[in-house]
S.K.: 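Right, I'll just put the structure down here and ask away after.
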Amino acid sequence: MSSGSVFADLARYPKLVGGIDSASGSRAADFYASVLRFDARPDLSRPNGVWDLGSAEAAELTKLAETTYRDVNIALANEFARFAQETGLDIFEVIEAANSQPYSHLHRPGIAVGGHCIPVYPWLYAASDPAARLPVLARQINDAVPDRVVSLLAGLIDGPDGATGGLRGLRVVVLGAAYRGGVRATAFSGVFGAVRALADRGAVPLVHDPLYSDC
């Protein structure tokens, strides 16, 4: 469920349960089925409702897999965006064209991946699977984007490498503090990395977000 749409999501998505044994799984499934009503979802392979995955481990891995997939997908989009910027291509046009094919579901690149789940759960998965490499790399790629964006800004002001501190002493406005539009929450928001990168280059960052007051 996403911040800002919890009640709609309760009806929209299946509830995944898994107990420590079959009895506890059944009790959890019965409870959710008794208090929730679900939207019709003809796109699903089975009826929308409560899905008992048979174990707590399977239910937990499902959550980790879903969020890690999105983080890895965004990291790939950010890699494509970097390459497109270096070669003078429009990444959004490229993604739109790629997603016209039924097997491509590229996400959009962005300055950061925020929220309570996506930046955190890949680390939980990686901690449980020491052989996992892609989730860790994706986290590193996405965490590095704010600094890369600020470097691009410095390069526009001071030259191609931005090495001589062209942002020093300048006021730079960062538009947006919330991690997602319309949601008044800053959990792992990209604003923190952007402000830190600006301050490291001697800039004076100012943050504006209509969801927040000056206090």
Side-chain angles (χ1 to χ4, degrees), residues 1-13 63-64 66-86 89-96 99 105-124 135 137-158 162 165-215:
M1 295 179 291
S2 298
S3 300
S5 59
V6 171
F7 292 108
D9 289 347
L10 284 171
R12 184 179 299 127
Y13 303 124
K63 178 61 175 177
L64 299 185
E66 183 264 331
T67 49
T68 300
Y69 159 79
R70 285 190 280 165
D71 195 45
V72 170
N73 194 314
I74 294 168
L76 181 61
N78 279 329
E79 288 284 88
F80 287 151
R82 174 191 51 77
F83 180 73
Q85 189 272 330
E86 292 170 354
L89 301 174
D90 184 339
I91 186 56
F92 298 106
E93 185 177 68
V94 169
I95 289 176
E96 180 184 20
N99 287 349
H105 306 282
L106 280 171
H107 293 355
R108 293 170 64 88
I111 194 171
V113 181
H116 303 87
C117 300
I118 300 180
V120 177
Y121 287 6
W123 290 122
L124 298 179
L137 179 59
R139 279 282 77 233
Q140 293 168 346
I141 290 171
N142 288 333
D143 281 346
V145 174
D147 190 72
R148 185 173 69 83
V149 170
V150 172
S151 293
L152 291 173
L153 176 62
L156 291 173
I157 294 174
D158 200 54
L167 294 176
R168 186 166 300 280
L170 296 181
R171 288 187 295 175
V172 180
V173 177
V174 179
L175 298 177
Y179 76 84
R180 185 159 62 86
V183 175
R184 194 174 183 272
T186 58
F188 294 93
S189 170
V191 70
F192 300 110
V195 166
R196 183 165 53 250
L198 288 166
D200 287 346
R201 288 164 176 77
V204 181
L206 303 174
V207 179
H208 173 74
D209 189 319
L211 294 175
Y212 293 87
S213 68
D214 292 337
C215 299

S.K.: Within the 4.5 Å heavy-atom criterion, are Pro135 and Trp123 side-chain neighbours or not?
M.R.: no
S.K.: What residues, two or more places apart in sequence or in another chain, satisfy side chain to side chain donor-acceptor pair (under 3.5 Å) together with Asn142?
M.R.: Asp71, Asn78
S.K.: Specify the closest pair of heavy atoms between Asp143 and Pro146, including all atoms of both residues, with the distance to one decimal.
M.R.: O-CD, 3.4 Å
S.K.: In terms of heavy-atom contacts, does CD of Glu86 have more than 12 from other residues, nucleotides or ligands at under 6.0 Å?
M.R.: yes
S.K.: Considering residues, nucleotides and ligands other than Glu96, do more than 12 of their heavy atoms fall under 6.0 Å from its CD?
M.R.: no
S.K.: Quick one, Lys63 and Cys117 - any side-chain contact, counting heavy atoms below 4.5 Å?
M.R.: yes
S.K.: So which heavy atom on Ala84 is nearest to which on Ile91, and how close?
M.R.: CB-CB, 3.9 Å
S.K.: With no hydrogens and no angle check, is any side-chain donor or acceptor of Tyr179 less than 3.5 Å from a backbone partner on Arg184?
M.R.: no
S.K.: Take atom CZ in Arg108; do more than 12 heavy atoms of anything else shown fall under 6.0 Å from it?
M.R.: no
S.K.: Spell out, as yes or no, whether a donor-acceptor pair under 3.5 Å connects the side chain of Thr186 to the backbone of Ala177.
M.R.: no
S.K.: So which heavy atom on Asp147 is nearest to which on Arg201, and how close?
M.R.: OD1-NH1, 3.0 Å
S.K.: Can you tell if the side chain of Phe80 reaches within under 4.5 Å of the side chain of Val94, non-hydrogen atoms only?
M.R.: no
S.K.: Closest heavy-atom contact between Phe188 and Pro119?
M.R.: CB-CG, 3.8 Å
S.K.: Does Phe83, at its CZ atom, have more than 12 non-hydrogen atoms belonging to other residues, nucleotides or ligands within less than 6.0 Å?
M.R.: no
S.K.: Which distance, rounded to the nearest 0.5 Å, do you find between the CG of Leu167 and the CG of Leu198?
M.R.: 6.5 Å
S.K.: Return the minimal non-hydrogen interatomic distance between Ala197 and Val150, and the atom names on each side.
M.R.: CB-CG2, 3.7 Å
S.K.: In the structure I gave you, are the side-chain heavy atoms of Val113 and Arg139 within less than 4.5 Å of one another anywhere?
M.R.: yes
S.K.: With rounding to the nearest 0.5 Å, note down the distance linking CG in Leu175 to CG in Leu206.
M.R.: 10.5 Å
S.K.: Check whether any side-chain heavy atom of Pro205 lies under 4.5 Å from a side-chain heavy atom of Val191, and answer yes or no.
M.R.: no
S.K.: Taking only residues two or more places apart in sequence, or in another chain, which ones meet Asp200 in a side chain to side chain donor-acceptor pair (under 3.5 Å)?
M.R.: none
S.K.: Calculate, to the nearest 0.5 Å, the distance between atoms OH and NE2 belonging to Tyr69 and His105 respectively.
M.R.: 6.5 Å
S.K.: If you round to the nearest 0.5 Å, how far is CG of Leu76 from CD1 of Ile141?
M.R.: 8.0 Å
S.K.: Please report the closest heavy-atom contact between Val172 and Ala203, naming both atoms and the distance.
M.R.: CG2-CB, 4.0 Å
